[in-house]
Protein chains: 2
Amino acid sequence: MENTIATSIFESLSSGVRLDVFRLLVKKGMEGMVAGEIASTLNVPPTNLSFHLKALTQNRLLSVEQEGRFQRYRANIPLMLDLIGYLTEECCEGHPEYCAEMREASMCCDAVLPKN
Amino acid sequence: MENTIATSIFESLSSGVRLDVFRLLVKKGMEGMVAGEIASTLNVPPTNLSFHLKALTQNRLLSVEQEGRFQRYRANIPLMLDLIGYLTEECCEGHPEYCAEMREASMCCDAVLPKN
DNA sequence: ACAACTATTCAACGATTATTGAAATAATGA
DNA sequence: TCATTATTTCAATAATCGTTGAATAGTTGT
């Protein structure tokens, strides 16, 4: 992953609306949601949601598929996982024992990183 | 983690300079780096780096400690892990078998998420 | 073809952000 | 104390971002 790709992804996730949308679609998985359903769930005006969906889709965080008169959006989970890998790579110069204490302090460390 | 906290963290990481700084310090782990060392490593003017270090520190992505006439910065790795947990929680409604295919497509999935 | 429905594009405004040089603050060592 | 080094703050500018209503485009069923 390149720096420019990663920053554009983080920029996408730096808006409250876009973060809510993405997390909602991560939960939905392959099922995804159509635009109007997202708008009503999150109480965002359709015109505003469309602006944010476009930004997320342009940065590949979402995929979109036409479905009759609806547009179905899905989260790009592989991209999310690549981004996490980019952020955490070479943590503590590859010596995880150096940051074991810091990992202990996190509630989620067991869920996302191996203890090695 | 709250939405407002997460968005401010993503906003911090949405600048190329700040992302470079944070990843550099993740690699350095507990050792950290002093401001001037970061500036020369990344070729960023000190006045501009200071601006970004302040933003990262205010959002708790970095901690800072006075060390003589130097300021030593370190990455807040527990916060990073909490953020990752917030982003990935309830992935595919807690049924990871639904997104197994998507995980296969990621180069880093083995490194960051359990296969369950 | 037409009406109903879904979603996006456009234009405009206000608010926020990144960058720079110059000046200021703070700590060290002679 | 005084000069030196390290880092931050300040002011000003240019550029970008978020939100909204109105208008537009595409799809469906009759």
Side-chain angles (χ1 to χ4, degrees), chain A residues 2-25 28 31-75, chain B residues 2-25 28 31-75:
Chain A
E2 290 176 19
N3 180 294
T4 54
I5 305 290
T7 54
S8 69
I9 295 174
F10 284 127
E11 203 266 311
S12 276
L13 298 173
S14 69
S15 142
V17 171
R18 289 195 295 266
L19 181 56
D20 284 341
V21 169
F22 184 72
R23 292 203 330 131
L24 179 61
L25 290 175
K28 287 289 178 177
E31 180 189 352
M33 287 176 85
V34 300
E37 199 181 358
I38 300 170
S40 60
T41 300
L42 299 179
N43 273 304
V44 178
T47 185
N48 188 19
L49 180 66
S50 188
F51 169 81
H52 291 298
L53 288 175
K54 182 182 175 184
L56 286 161
T57 305
Q58 281 178 338
N59 289 330
R60 299 199 307 135
L61 271 168
L62 301 185
S63 66
V64 58
E65 184 186 5
Q66 183 112 18
E67 193 177 291
R69 71 179 92 177
F70 302 89
Q71 300 285 116
R72 182 167 296 271
Y73 287 88
R74 293 183 180 88
Chain B
E2 289 178 21
N3 181 293
T4 54
I5 306 289
T7 54
S8 68
I9 295 175
F10 285 127
E11 203 265 310
S12 277
L13 298 174
S14 69
S15 141
V17 172
R18 288 195 298 264
L19 181 55
D20 284 341
V21 169
F22 184 73
R23 292 183 66 236
L24 179 60
L25 290 174
K28 287 289 177 175
E31 179 189 352
M33 288 176 85
V34 300
E37 198 180 358
I38 300 170
S40 59
T41 300
L42 299 179
N43 272 305
V44 178
T47 183
N48 190 17
L49 179 67
S50 187
F51 169 81
H52 292 297
L53 288 174
K54 183 181 175 183
L56 286 161
T57 305
Q58 280 178 336
N59 289 331
R60 298 200 306 136
L61 272 167
L62 301 185
S63 66
V64 58
E65 185 186 5
Q66 182 114 18
E67 194 176 293
R69 73 177 91 179
F70 302 90
Q71 300 285 115
R72 181 167 296 270
Y73 288 89
R74 294 183 180 88

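In this text, all values refer to a predicted model and were calculated from it rather than measured experimentally. The chains referred to below are lettered A, B, ... by the order of the sequence lines, with proteins before strands, and numbering in each begins at 1.
In this structure, B/Ile38 atom CD1 and D/dA6 atom P are separated by 14 Å, rounded to whole Å. For the pair A/Leu49 CG and C/dT9 P, the interatomic distance rounds to 12 Å; values are reported in whole Å. Computed from coordinates, the A/Leu56 CG to D/dG18 C1' distance equals 14 Å when rounded to whole Å. What separates CZ of B/Phe51 from C1' of C/dT17 is a distance of 6 Å, to the nearest Å. Distance, A/Phe10 CZ to D/dC17 P: 17 Å, rounded to whole Å. Per the geometry, CD belonging to B/Gln71 stands 11 Å off P belonging to C/dT28, to the nearest Å. Rounded to an integer number of Å, the gap from B/Leu53 CG to D/dT8 P is 6 Å. The CG-C1' distance, from A/Leu42 to D/dT19, rounds to 16 Å in whole Å.
Checking D/dT20, C/dT17, D/dT19 against every side-chain atom of B/Glu11, the shortest atom distance belongs to C/dT17. For B/Phe70, taking side-chain heavy atoms from C-beta onward, the closest of the listed nucleotides D/dT7, C/dT8, D/dT19 is D/dT7. Here D/dT9 is the nucleotide among C/dA18, C/dC5, D/dT9 with the atom lying nearest to any side-chain atom of B/Ser50. When distances run from any side-chain atom of B/Ser15 to the nucleotides C/dA18, D/dG18, D/dT7, the shortest one goes to C/dA18. Nearest to the side chain of A/Arg69, among C/dA7, C/dT6, D/dA22, sits C/dT6. For A/Pro45, the listed nucleotide lying nearest its side chain is D/dT20; candidates were C/dT19, D/dT20, D/dT27. Residue B/Ala35 places its side chain closer to D/dT7 than to any other of D/dT7, C/dA7, C/dA18.
Taking only side-chain nitrogens and oxygens, B/Tyr73 comes nearer than 4.0 Å to OP1 or OP2 of D/dT8. One finds a side-chain N or O of B/His52 lying less than 4.0 angstrom from the OP1 or OP2 phosphate oxygen of C/dT19.
Of the two residues near DNA chain D, A/Arg18 and B/Lys54, the one whose nearest nucleotide lies more 5' is B/Lys54. Where B/Asn48 and A/Pro46 meet DNA chain C, the nucleotide closest to each residue was compared, and A/Pro46 sits on the side nearer the 5' end.
Using a 4.0 Å heavy-atom criterion, one finds that B/Arg72 contacts no nucleic acid atom at all.
Salt bridge annotation for A/Glu11-A/Arg18: present, with a cationic side-chain nitrogen under 4.0 angstrom from a carboxylate oxygen. Using a cutoff of 4.0 Å between basic side-chain nitrogens and carboxylate oxygens, B/Glu67 and B/Arg72 are scored as salt-bridged.
The local environment of CD in A/Gln66 is crowded, with over 12 non-hydrogen atoms from other residues, nucleotides or ligands closer than 6.0 Å.
Closest heavy-atom contact between B/Leu19 and B/Leu13: CB-O, 3.8 Å. The two atoms that bring B/Val34 and B/Phe70 nearest to each other are CG1-CB, 3.7 Å, heavy atoms only. For A/Leu49 against A/Ala35, the heavy-atom pair with the smallest separation is CD2-O, 3.4 Å.
Residue-to-nucleotide contacts include no donor-acceptor pair under 3.5 Å from the side chain of A/Thr47 to the base of D/dT19.
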